[in-house]
There are 2 protein chains.
Amino acid sequence: MTSQAADGPETVVASRRSKITPEREREFFDAVLEQIRECGYDSVTMEGVAASTRCSKSTLYRQWKTKPQFVAAALRASRRVRFAGIDTGSLAEDLRQAARAAGDWSGKDTRLLQALGHAVTSDQELARALREALVDPEIAALEEMLARGVARGEVRAGHPALEYIPAMMFGVLRVRPVLNGQYADADYLVRFVESAVLPALGLR
Amino acid sequence: MTSQAADGPETVVASRRSKITPEREREFFDAVLEQIRECGYDSVTMEGVAASTRCSKSTLYRQWKTKPQFVAAALRASRRVRFAGIDTGSLAEDLRQAARAAGDWSGKDTRLLQALGHAVTSDQELARALREALVDPEIAALEEMLARGVARGEVRAGHPALEYIPAMMFGVLRVRPVLNGQYADADYLVRFVESAVLPALGLR
DNA sequence: GTGTACCGGTACTGGACCGTATCGGTACAC
DNA sequence: GTGTACCGATACGGTCCAGTACCGGTACAC
C-alpha cells in the first residue's frame, strides 16, 4: 500500500516510479527496526534513520506519510513465520524444534515486542502491523502443530492444557529477561518444553 | 532517601522540613504511575504530573532531582507483595490462590511493567526500582510457596518443572493481552494453574 | 538534447518538554 | 511581629524532533 516496488519492472503505469529499490527499502526497514530495538519507539527519529541509511528525511517522508506509518510498513515487511516447516510427525519433537527455533530469534523479537508494546496501545495501525508480523503467524503455526498432534491421537481433543500452550511458550520467552536478566536461549526453551509443556500435555 | 517524611512529627533536626505530607507524596506517586500506565514512560511529563496533582513543577524538582529518580521513588513506594500471606497447607491450593490474587492486579501491574519495560534498559536505578517493587518480591513469595510444597513432600525436590513455575505464571500473565486482547483475569489464571501448572508438577 | 521526476542535503517552522529562575503568598517558629 | 523556608505559579532558555519547503544534481525516457 505504501510501496509499489513489488510489481515487475515492466509495469509502466505512467504513475510514480520510485527510484527506491526493494533492497534499498529493506535497508530503511532494517535500520528503523534496529533503532527501535535499541532506543525504543519514542526515541527513534526519522532523522536518525535517514542518517544511518545515508538518505534524506525527505526521501522517507515521500514514501511514508508519518513515522508510525513508516514503522508499520517496516513491521509488515519483516513478517516471516519462524515455526514454518516444522512437522516431524511427533508433537513432542515438533515442540522441541519450535523451542530451538524460538531461542534463535528470541533476543531480537523480544526486544522489538517490548519496545513497541506500549506504542501499540495508542496506534491502531501499528498494533495491527505488529500482530500480523510477529504474533499471529507464530500462534497459528503453533496451533496447527497442536492440531496435528491431536489428529494423530497423541493428545486427547479438548485437553485443557491445549488452550494455554501458546501463552506458555510466548510468555516464558518474554519474561525470562525480566526474571533472569538474559534472553531465553534455545537450551532454556527446550528444557522448558520437556520439563513443563510436555508433562502438562501428558506427553513423554 | 529522597524523603524524610517517614519519621515522627517530633523529629526536629533543624534540617529541611518538607511541607509535603506522606499523603501528598503518595498523590504524586499515584499520579505519575497512572500516567505511565496510560501514556508510557517517555510521554509522561513532569508538567503533566504537576498539573494533575495541582502542584508546581518546582515542587517536584525540589524533592527529586530528575524525572527518572522521581519515577524510581514512586516505584519503590508502591512496593507491596501481592502473594503475601498465602499459605493454605497445600501447594495446589496455594497456587490457585496466587492465581486469583494475580488476576486482581493483573491489569494495573502488567501495564506498568509493559510501559517501563524498555525505559529500564537504559537506566540502572529505574531497573532496580522496578525489580524491587514489582518483580522480586512476587518471585520470592512464589518460590517460598514451592519450597513449602517440597518440604511437605507434595513435590519431589529437584522436580524439573519447579524452575519454570515463576516464569510460567508471570509469562502467561504478561502475554495474555497480546494474544487474546484482554488482561488475564482471576478465572483465566486459575484455570491455567489447574490445566497446566499442576499437571506439570504431577499434582492434582 | 531536452524534459521530467525523483534523489540527497539543508534550512526552517512549530511545538513539546526538561530543568532553572524568579516572585508573591503563607504557614510555622520563636 | 518578624524571620524563614517552603509552597504554587509562571516565565524562560535550551534542546530536540516531526514534518515541510526548497534547491541543485542526476538518471532515465523519448
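Hydrogens, waters and symmetry mates play no part in the numbers below; they use all other heavy atoms, side chains included. Convention: sequence-line order gives letters A, B, ...; per-chain numbering from 1.
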**Student:** Check the distance between C:dA16's C1' and A:D42's CG and give it to me in whole angstrom.
**Tutor:**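 Whole-Å distance recorded here is 13 Å.
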**Student:** Record whether the side chain of A:T66 comes under 3.5 Å of the base of D:dA18 through a donor-acceptor pair of N or O atoms.
**Tutor:**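 Side chain to base: no pair below 3.5 Å.
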**Student:** To the nearest Å, give me how far apart CD (A:E47) and P (D:dA18) are.
**Tutor:**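 In whole Å, D:dA18 P and A:E47 CD are 7 Å from each other.
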**Student:** Who does C:dC7 pair with, Watson-Crick or G-U, both distances under 3.5 Å?
**Tutor:**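 WC or wobble partner is D:dG24.
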**Student:** Does C:dC6 have its OP1 or OP2 closer than 4.0 Å to a side-chain nitrogen or oxygen of A:R24?
**Tutor:**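 No, because none of the side-chain N or O atoms of A:R24 sits under 4.0 Å from OP1 or OP2 of C:dC6.
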**Student:** Would you kindly check whether a donor in the side chain of A:T45 faces an acceptor in the base of D:dA18, or vice versa, at under 3.5 angstrom?
**Tutor:**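 For A:T45, whose side chain was compared with the base of D:dA18, there is no donor-acceptor pair (under 3.5 Å).
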**Student:** Using whole Å, what does the distance between atom P of nucleotide C:dC17 and atom CD of B:Q35 come to?
**Tutor:** 11 Å
**Student:** To the nearest Å, how far apart are B:Y61 OH and D:dA9 P?
**Tutor:**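 Between P of D:dA9 and OH of B:Y61: 16 Å.
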**Student:** A:K67 side chain: which of D:dG19, D:dC7, C:dC18 is closest?
**Tutor:**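 Among the listed nucleotides, the one closest to the side chain of A:K67 is D:dG19.
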**Student:** When you check the gap from the basic side-chain N to the acidic O, do B:R128 and B:E125 get nearer than 4.0 Å?
**Tutor:** no
**Student:** Which is true for B:K65 with a 4.0 Å heavy-atom rule: it touches a base, it touches only sugar-phosphate, or it touches nothing?
**Tutor:**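 Here B:K65 touches no strand at all.
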**Student:** Whole-Å distance between C:dA27 P and B:I20 CD1?
**Tutor:**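 Value for this atom pair: 15 Å.
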**Student:** Regarding A:Q35 and A:S52, do their side chains bring together a donor and an acceptor under 3.5 Å, going by distance alone?
**Tutor:**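 There is such a pair (donor and acceptor under 3.5 Å, judged by atom type) between the side chains of A:Q35 and A:S52.
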**Student:** Which is more 5' along DNA chain D, the nucleotide nearest A:S58 or the one nearest A:M46? Just name the residue.
**Tutor:**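 Of the two residues, A:M46 wins.
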**Student:** Does A:Q63 place a side-chain N or O at less than 4.0 Å from the phosphate oxygens OP1/OP2 of C:dC7?
**Tutor:** yes
**Student:** Test side-chain contact (heavy atoms from CB on, under 4.5 Å) on A:F70 and A:L60 and set out the steps.
**Tutor:** CA-CA 8 Å; A:F70 175 44; A:L60 298 180; 4.2 Å; yes
**Student:** Would you kindly give the CD-to-C1' distance between A:E25 and C:dC6, to the nearest whole Å?
**Tutor:** 15 Å
**Student:** Using whole Å, what does the distance between atom P of nucleotide D:dG19 and atom CZ of A:F70 come to?
**Tutor:** 12 Å
**Student:** Hey, could you give me the OH/OH distance between A:Y183 and A:Y188, rounded to the nearest 0.5 Å?
**Tutor:** 14.5 Å
**Student:** Can you tell me how far apart CG (A:L116) and CG (A:L134) are? Round to the nearest 0.5 Å.
**Tutor:**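 One gets 8.0 Å once the value is rounded to the nearest 0.5 Å.
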**Student:** Output yes when at least one side-chain N/O atom of A:R62 is less than 4.0 Å from OP1 or OP2 of C:dC7, else no.
**Tutor:** yes
**Student:** Check the distance between D:dG8's P and B:E27's CD and give it to me in whole angstrom.
**Tutor:** 11 Å
**Student:** Between the base of D:dG19 and the side chain of A:K57, is there a donor and acceptor pair under 3.5 angstrom?
**Tutor:** yes
**Student:** So, does A:R54 get its side chain near the phosphate of C:dG8, meaning an N or O under 4.0 Å from OP1 or OP2?
**Tutor:**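 So the side-chain polar atoms of A:R54 never come under 4.0 Å of the phosphate oxygens OP1 or OP2 of C:dG8.
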